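Here's the structure, in structure tokens; my notes come after.
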There are 2 protein chains.
Amino acid sequence: MTPFTPKLTEAGLNPNVSVDCVIFGFDGERLKVLLIDRDQVISAKGDEKIYALPGNLIKEDENLDEAAERVLFELTGLEDIFLEQFGSFGDPKRLTKEHDSQWLKQIRAHPEARVITVAYYSLIRADQYELHASGFAKDAIWHDIEELPPLGFDHSEIIESALKELKFKSKYQPIGFELLPEKFTLGQLQKLYEAILNIELDKRNFRRKILKMSFLTPLKEKQIGVPHKPARYYTFDRDKYQSYKSQDFYFTL
Amino acid sequence: MTPFTPKLTEAGLNPNVSVDCVIFGFDGERLKVLLIDRDQVISAKGDEKIYALPGNLIKEDENLDEAAERVLFELTGLEDIFLEQFGSFGDPKRLTKEHDSQWLKQIRAHPEARVITVAYYSLIRADQYELHASGFAKDAIWHDIEELPPLGFDHSEIIESALKELKFKSKYQPIGFELLPEKFTLGQLQKLYEAILNIELDKRNFRRKILKMSFLTPLKEKQIGVPHKPARYYTFDRDKYQSYKSQDFYFTL
DNA sequence: GAATTAAAGTGTAAAATTAACACTTAGGCC
DNA sequence: GGCCTAAGTGTTAATTTTACACTTTAATTC
């Protein structure tokens, strides 16, 4: 990896607008978020590292969606990820915490500039992508959404907002395709919904409802090696799944 | 009205970030949007005026919500309006149409600057507010959403996006309180839903459904002077209405 | 190899909601 | 007095939702 020379790369960047990406993953049990290690240790007791969302200033000649895509790639190596804008954050003091402005002095040509950030989120199958941290990201790591490390800037707020959006969306659109592996069991799908909505669902009712939508294709294959009755695997029928997305839909239970 | 001296007022403005407000109203029949007359005539055949959403650059010391509130007030006189952010627009070419950049040269200290705009929307009772155009707004006028005049910048796109958001929101949250006069008939409420969703609803089913939610209080008062059976007036029970908003809800029919 | 453990898988009945549908009423207008 | 217009009102069938418990299958343990 070539050493990062931040300020030299600032040409063409707009000093006042950034994008941040909240990338959600699911490990079969819990929801995860992708964070970058910005390689800074809080001086207070504990010596905890500070993490951040992958994000950076936009370029003058790209639109917001392009910026989000580029920045995500530059910091984490993730490519071809469908990102959806969900909100913008512009408190004048959002960058003024001591350790944040210290950090900005290292990487920005105009570390004092006011920055409004446009936030994006995405759902991905963590296992389908390789992470390659680069740029000012020392590392890119999945973190459990329920127990996040200390975060820079207003990134806690941004993640909270993204999660709210996700909960909301998952109630009127099918979710799962984006987060689950190619083949999965109904139990995993139910766990995913339970993790997102943070509630318990009735197994029989859940299955009936989700199967009736008929975007799930049962496979002949079953789990092997599990210490209980092996579950059948399913795949998503992409076309039906997508057409369901555009339909009206409301998830109860 | 004092003459507008734009460039002198630019102190403290961030050159790269603006807010725009999509204010919806309802006249009992049709959905309306509030536009400002930017007092510029397209030179091409027709001599049509160009309109725009109320919007302007943000100040360095205010957050986005505050900026939206201030800008709306400065241009239209509207105050104490609940504004909700719904998206940001940042195409690098969004200000580059000829008549738009001409206009910007008149009002901006940095007319060439790239501007990302954060868009807000609101629903208001048109009859409850007086409009006072000022600043670079020569006038502020309600326009029928279905037949909009030529709009500057990407404001058509922004309005379309706001409308989509409104349609969407109205399906899972009660809407009406914000747009209807203090007392209103069930017919008006139904017309509002029909105008927003752009569909026809069954009168009996609509009434049953909306009354069951029990945030409507029937009044003794009825319409007078109408050439048909006078309808009963209702008011919203604000508390119940608000608590319904936070609940789960899905509007069918 | 019998017993244990763990999650998979499966059905029904009661209650609630949705969808479709038409006539009577009240008031102004001519 | 007759006409016009929108208000107001109920029923039935179909669908959806909710609540709820036992059997099956495979691995693990002893």
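Since we're looking at a predicted model, the values are computed, not measured. Order of the sequence lines sets the chain letters (A, B, ...), proteins ahead of strands, with each chain counted from 1.
- An end-to-end axis angle of 10° holds for the helix from dG1(C)-dC30(D) to dC30(C)-dG1(D), taken from five base pairs per end and rounded to 10°.
- We find that CZ of Arg208(A) is positioned 16 Å from C1' of dA8(C), with the value rounded to whole Å.
- Checked against the 6.0 Å centroid threshold, Tyr172(B) and Phe249(B) do not count as a close aromatic pair.
- By the salt bridge (Lys or Arg N to Asp or Glu O under 4.0 Å) test, Lys203(B) pairs with no residue at all, sequence neighbours left out.
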Distance-only donor-acceptor hits, side chain of residues 125-133 of chain B, under 3.5 Å, sequence neighbours excluded:
| residue | atom | partner | partner atom | Å |
| --- | --- | --- | --- | --- |
| Arg125(B) | NE | Phe177(B) | O | 3.3 |
| Arg125(B) | NE | Leu180(B) | O | 2.8 |
| Arg125(B) | NH1 | Glu182(B) | OE1 | 2.9 |
| Arg125(B) | NH2 | Phe177(B) | O | 3.3 |
| Glu130(B) | OE1 | His132(B) | NE2 | 3.4 |

Evaluate salt bridge (charged side-chain N to carboxylate O under 4.0 Å, His left out) for Asp154(B) paired with Arg94(B), printing each intermediate quantity in order.
CA-CA 6 Å; Asp154(B) 52 356; Arg94(B) 57 182 290 275; 2.7 Å; yes
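- Annotation: salt bridge (Lys or Arg N to Asp or Glu O under 4.0 Å) contacts of Arg207(A) (sequence neighbours excluded): none.
- Atom C1' of nucleotide dG8(D) and atom CD1 of Ile210(B) are separated by 17 Å, given to the nearest angstrom.
- Across the protein-nucleic acid pair, Leu216(A) atom CG and dG9(C) atom P stand 12 Å apart, rounded to whole Å.
- Proximity of residues 222-232 of chain A to DNA chain C (heavy atom under 4.0 angstrom from any strand atom) is restricted to Pro227(A), His228(A), Lys229(A), Pro230(A), Ala231(A), Arg232(A).
- Scanning for side chain to side chain contact (heavy atoms under 4.5 Å, CB included) contacts around Asp144(A) gives Arg30(A), Lys32(A), Glu146(A), Glu147(A), with sequence neighbours left out.
- Under 3.5 Å, the side chain of Arg207(A) and the base of dG11(C) form no donor-acceptor pair of N or O atoms.
- Glu74(B) meets the side-chain hydrogen bond (donor to acceptor under 3.5 Å, both in side chains) test with Arg70(B); sequence neighbours excluded.
- The side chain to side chain contact (heavy atoms under 4.5 Å, CB included) check on Val33(B) picks up Val22(B), Phe24(B), Leu35(B), Leu53(B), Ile145(B), Leu148(B), Ile159(B), with sequence neighbours excluded.
- For Lys164(B), the side-chain hydrogen bond (donor to acceptor under 3.5 Å, both in side chains) criterion is met by no residue, not counting sequence neighbours.
- In this structure, the OH atom of Tyr250(A) is 10 Å from the P atom of dT18(D), given to the nearest Å.
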Per-pair distances, 0.1 Å, donor-acceptor, side chain in residues 77-84 of chain A, under 3.5 Å, sequence neighbours excluded:
| residue | atom | partner | partner atom | Å |
| --- | --- | --- | --- | --- |
| Glu84(A) | OE2 | Lys169(A) | NZ | 2.5 |

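- Within residues 184-206 of chain A, the residues approaching DNA chain C are Gly187(A), Lys203(A), Arg204(A), by heavy-atom distance under 4.0 Å.
- When the salt bridge (Lys or Arg N to Asp or Glu O under 4.0 Å) test is applied to Lys191(B), the partners found at least two apart in sequence or on another chain are Glu29(B).
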